[in-house]
Asker: 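Take a look at the following structure, please.
If you're wondering where the values come from, they're calculated on a predicted model, not measured in any experiment. Letters go in sequence order (proteins before strands), and every chain restarts at 1.
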Amino acid sequence: MRLSRYFLPVLRETPKEAEIVSHQLMLRAGMVRQASAGIYSWLPLGLRVLDKIGNIVREEQNRAGAIELLMPTIQSADLWRESGRYDAYGKEMLRIQDRHERDMLFGPTNEELITQIFRDNVRSYRDLPRNLYHIQWKFRDEIRPRFGVMRGREFLMKDAYSFDLTAEDGRRSYNRMFVAYLRTFARMGLKSVPMAADTGPIGGDLSHEFIILAETGESQVFGHRDLFEGDVPPADTDFEGDLQPIVDRWTSLYAATDEQHDAARFDAEVPADKQVSARGIEIGHIFFFGTKYSEPMNCKVQGPDGSVVALQMGSYGVGVSRLAGAIIEACHDDAGIVWPVPVAPFEVGLLNLKAGDTETDAACERLYGELTNAGVEVLYDDTDERPGGKFASMDLIGLPYQVVVGPKGLKGGEVELKSRQDGAKSSVPLDSVVQSLVSDVSERRLLV
RNA sequence: CGGAGCGUGGCGCAGCCUGGUAGCGCACUUGCUUCGGGAGCAAGGGGUCGCAGGUUCAAAUCCUGCCGCUCCGACCA
């Protein structure tokens, strides 16, 4: 992408409504603009990040055997009356009426709708297990939205729903999502820790929140230090096999959010030098809730013995839009964002220090073409802005690699190659920079 | 909803107390000079001062009501 034709409004100063660093940087880097309280427009750069996050989530869901579909944002109130949640949900649910004065709502979650779809189309245990998911906008009319996209009212969420014949099978479905989540967040460069969690309005008795540590986290979390350094299950993990040992390993050590925290247990189970007490951000939440929806909504199949049984269900959420903010909270420095390669909006920033100069233009065009053809995502700053401004903007938007092309270096046939992550700079021959970048970038696209 | 604060050009702010020509920095446009880490000079463009009432000869400024936004608390992916 050529910057001269792109839409990337960067801000030199910090808008005063932004209090936390990820919100400030998202506004300054031209990723989002606030439409109203807790509701955001995603500008081109932000959308690219959102898509990358969504695609990683998608790949890992698919790997774990979940199947993607897409449900609407607007739902019928009648469906929610079946489960009893129309009255139970409270004011977070945005209730609206259509022109015929039918009660509708903007979906805060989709248990009811997916249960309806499933019950209307599945009759036999032979069609089990199934896990269906979608990535769709949700609306929860929070009392107080804050922290930018981290706690907006409108947010993009991946929500998966599992259907099983027995509780044991349901547990296996739960485990598949548990392992998928460990991989999903690790691929974004995040160290997530599953923690015993409250089930809230979703219901059920088995639940984990996936937490990353961040100073601006919304809740206090407690855990064993070793959990924050554990190895993530590899890509060739057999999701059809027994995942219980993996889950057991991750849940054997103490980890809890403040609402579940038991200080006495914490002190008894975790040696003082292994105790971690910090702020955390919830980026995923999984639940197993049995027949909470299938029973009242009559989502039943015939088992092998001919009996009709209500399905065992679970639901599994990932805050896709929240992750964009959460990753920035975890990955930034004084100059701006420092994107991990897998979620970076572009992988390489190409800086033409003297746009209009025949030689630098030619060298940049060549690099831009070759990198693009090699499948590397390049943002080419071909504007005639001064070098200082170009450097500052590139650092702000945080692309992992920068290629600096100017007359000085070109005299020796060289360009400067910089890593945003560690700030390392090196002079590289013009002829080998593409090869070097292609291998560096592709190596870091897959973190696990 | 309880408490606190803020709404003045795209962004950041001053002016309000003590009513009288709407200002500053950045950004933007044009020209010249500059050009390897946010340049200099010069000339420009852009504002219903959140909205509505009221007081007054006169309101960004004083009064009343409303709206929006932010922070702390209860709620949450």
Asker: Provide the Watson-Crick or G-U wobble partner of B:A60, both distances under 3.5 Å; none if there is no partner.
Answerer: none
Asker: Which whole number of Å gives the distance between the P atom of B:U64 and that of B:C69?
Answerer: 24 Å
Asker: Between A:Ser207 and A:Ile286, is there a donor-acceptor pair closer than 3.5 Å when you use the side chain of the first and the backbone of the second?
Answerer: yes
Asker: Using the side chain to side chain donor-acceptor pair (under 3.5 Å) criterion, which residues pair with A:Asp384? Sequence neighbours excluded.
Answerer: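 A:Asp384 satisfies side chain to side chain donor-acceptor pair (under 3.5 Å) with no residue once adjacent residues are dropped.
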Asker: Counting Watson-Crick and G-U wobble pairs only, both distances under 3.5 Å, name the nucleotide matched with B:C76, or none.
Answerer: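 Base-paired to nothing in any strand shown.
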Asker: Does anything in residues 213-226 of chain A form a salt bridge (charged side-chain N to carboxylate O under 4.0 Å, His left out)? List the pairs, not counting sequence neighbours.
Answerer: A:Arg151-A:Glu218, A:Glu218-A:Arg322, A:Asp226-A:Lys274
Asker: Which nucleotide in the list B:G37, B:C71, B:C75 gets nearest to the side chain of A:Glu92?
Answerer: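 Given the options B:G37, B:C71, B:C75, the side chain of A:Glu92 is closest to B:C75.
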Asker: Would you indicate what A:Arg33 reaches in the nucleic acid, counting non-hydrogen atoms under 4.0 angstrom: base, sugar-phosphate, or nothing?
Answerer: nothing
Asker: With respect to the side chain of A:Ile143, which nucleotide from B:G36, B:C1, B:C76 is positioned closest?
Answerer: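 Of the options given, the side chain of A:Ile143 lies nearest B:C1.
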Asker: Base, sugar-phosphate, or nothing: which does A:Gly325 touch, judged by heavy atoms less than 4.0 Å apart?
Answerer: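 It contacts nothing in the nucleic acid.
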Asker: Pick base, sugar-phosphate or nothing for A:Ser321, based on heavy-atom distances below 4.0 Å to the nucleic acid.
Answerer: nothing
Asker: A side-chain contact here means heavy atoms from C-beta on lying under 4.5 Å apart; do A:Arg279 and A:Gln220 qualify?
Answerer: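 Heavy-atom side-chain distance check passes, below 4.5 Å.
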Asker: Between protein and nucleotides 39-44 of chain B, map the contacts as a letter string: B base, S sugar-phosphate only, - none, heavy atoms under 4.0 Å, written 5' to 3'.
Answerer: B-----
Asker: Between A:Gln34 and B:G68, is there a side-chain N or O to OP1/OP2 distance below 4.0 Å?
Answerer: no
Asker: Output the single nucleotide from B:G73, B:G37, B:U70 whose closest atom is nearest the side chain of A:Glu416.
Answerer: B:G37
Asker: Counting side-chain heavy atoms from C-beta on, which of B:G38, B:C72, B:C76 comes nearest to A:Arg322?
Answerer: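 Nearest to the side-chain atoms of A:Arg322, counting from C-beta on, is B:C76.
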Asker: Please list, chain by chain and in numerical order, all residues satisfying ring-ring contact (aromatic ring centres under 6.0 Å, His included) with A:Tyr181, sequence neighbours excluded.
Answerer: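 Checked A:Tyr181 against ring-ring contact (aromatic ring centres under 6.0 Å, His included); matches are A:Phe185, A:Phe210.
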Asker: How would you list all residue pairs meeting salt bridge (charged side-chain N to carboxylate O under 4.0 Å, His left out) that involve residues 345-363 of chain A, not counting sequence neighbours?
Answerer: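 Qualifying pairs: A:Glu347-A:Arg445.
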Asker: Go through the structure and list residues passing ring-ring contact (aromatic ring centres under 6.0 Å, His included) with A:Phe239, not counting sequence neighbours.
Answerer: none
Asker: So which nucleotide does B:G31 pair with, by the Watson-Crick or G-U wobble rule with both distances under 3.5 Å?
Answerer: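 In the structure as shown, B:G31 has B:C41 as its Watson-Crick or wobble partner.
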Asker: Taking the P atom of each, how far is B:G53 from B:A58, in whole Å?
Answerer: 15 Å
Asker: Using the test ring-ring contact (aromatic ring centres under 6.0 Å, His included), find all partners of A:His134 that sit at least two apart in sequence or belong to another chain.
Answerer: none
Asker: Under the criterion of centre distance below 5.5 Å and interplanar angle below 30°, is A:Phe155 classified as stacked on the base of B:A77?
Answerer: yes
Asker: If a protein heavy atom is under 4.0 Å from the base, mark B; if only from the sugar-phosphate, S; if neither, -; do that for nucleotides 2-13 of chain B going 5' to 3'.
Answerer: ----S----BSS
Asker: Base, sugar-phosphate alone, or nothing: which one does A:Lys418 contact when heavy atoms must sit under 4.0 Å apart?
Answerer: base
Asker: Is the closest side-chain heavy-atom distance between A:Tyr86 and A:Leu105 below 4.5 Å?
Answerer: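 Yes, close enough: below the 4.5 Å cut-off.
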Asker: Quantified in whole Å, what is the P atom distance between nucleotide B:U70 and nucleotide B:A27?
Answerer: 28 Å
Asker: Applying a 3.5 Å limit to both distances, which nucleotide forms a Watson-Crick or G-U wobble pair with B:C24?
Answerer: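 In the structure as shown, B:C24 has B:G12 as its Watson-Crick or wobble partner.
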Asker: Rounding to the closest angstrom, what is the interatomic distance between B:U61 and B:U48 at atom P?
Answerer: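 My reading of the P atoms in B:U61 and B:U48 gives 16 Å.
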Asker: Which label fits A:Trp137 and A:Trp42: parallel for a plane angle under 30°, tilted from 30 to 60°, or perpendicular past 60°?
Answerer: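 Answer is tilted, since the angle falls between 30° and 60°.
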Asker: Could you identify which residues of residues 396-412 of chain A place a heavy atom less than 4.0 Å from some atom of RNA chain B, listed by residue number, or say none?
Answerer: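 The stretch gives A:Val404, A:Gly406, A:Pro407, A:Lys408, A:Gly409 as the residues lying under 4.0 Å from the strand, ordered by number.
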Asker: By the ring-ring contact (aromatic ring centres under 6.0 Å, His included) test, which pairs, at least two apart or in different chains, include something from residues 324-367 of chain A?
Answerer: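 Residue pairs passing ring-ring contact (aromatic ring centres under 6.0 Å, His included), neighbours aside: A:Tyr6-A:Phe346.
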Asker: Which pairs would a plain distance check flag for residues 22-33 of chain A, meaning a side-chain donor or acceptor within less than 3.5 Å of a matching protein atom at least two apart in sequence or in another chain?
Answerer:
from: A:Ser22; atom 1: OG; to: A:Glu329; atom 2: OE2; distance (Å): 2.7
from: A:His23; atom 1: NE2; to: A:Tyr40; atom 2: OH; distance (Å): 3.4
from: A:Gln24; atom 1: NE2; to: A:Ala18; atom 2: O; distance (Å): 3.2
from: A:Arg28; atom 1: NE; to: A:Leu11; atom 2: O; distance (Å): 3.0
from: A:Arg28; atom 1: NH2; to: A:Arg12; atom 2: O; distance (Å): 3.4
from: A:Arg33; atom 1: NH1; to: A:Leu27; atom 2: O; distance (Å): 2.8
from: A:Arg33; atom 1: NH2; to: A:Pro9; atom 2: O; distance (Å): 3.0

Asker: Going by side-chain contact (heavy atoms from CB on, under 4.5 Å), name the residues that satisfy it together with A:Pro340, two or more places apart in sequence or in a different chain.
Answerer: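 By the side-chain contact (heavy atoms from CB on, under 4.5 Å) rule, A:Pro340 matches A:Ile327, A:Cys331, A:Pro342, A:Val343.
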Asker: Applying a 3.5 Å limit to both distances, which nucleotide forms a Watson-Crick or G-U wobble pair with B:C66?
Answerer: B:G50
Asker: Taking any heavy-atom pair under 4.0 Å as a contact, classify A:Asp159: base, sugar-phosphate, or nothing.
Answerer: nothing
Asker: Looking for any heavy atom pair under 4.0 Å, which part of the strands does A:Ala392 touch: base, sugar-phosphate only, or nothing?
Answerer: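 Base, at least one base heavy atom under 4.0 Å.
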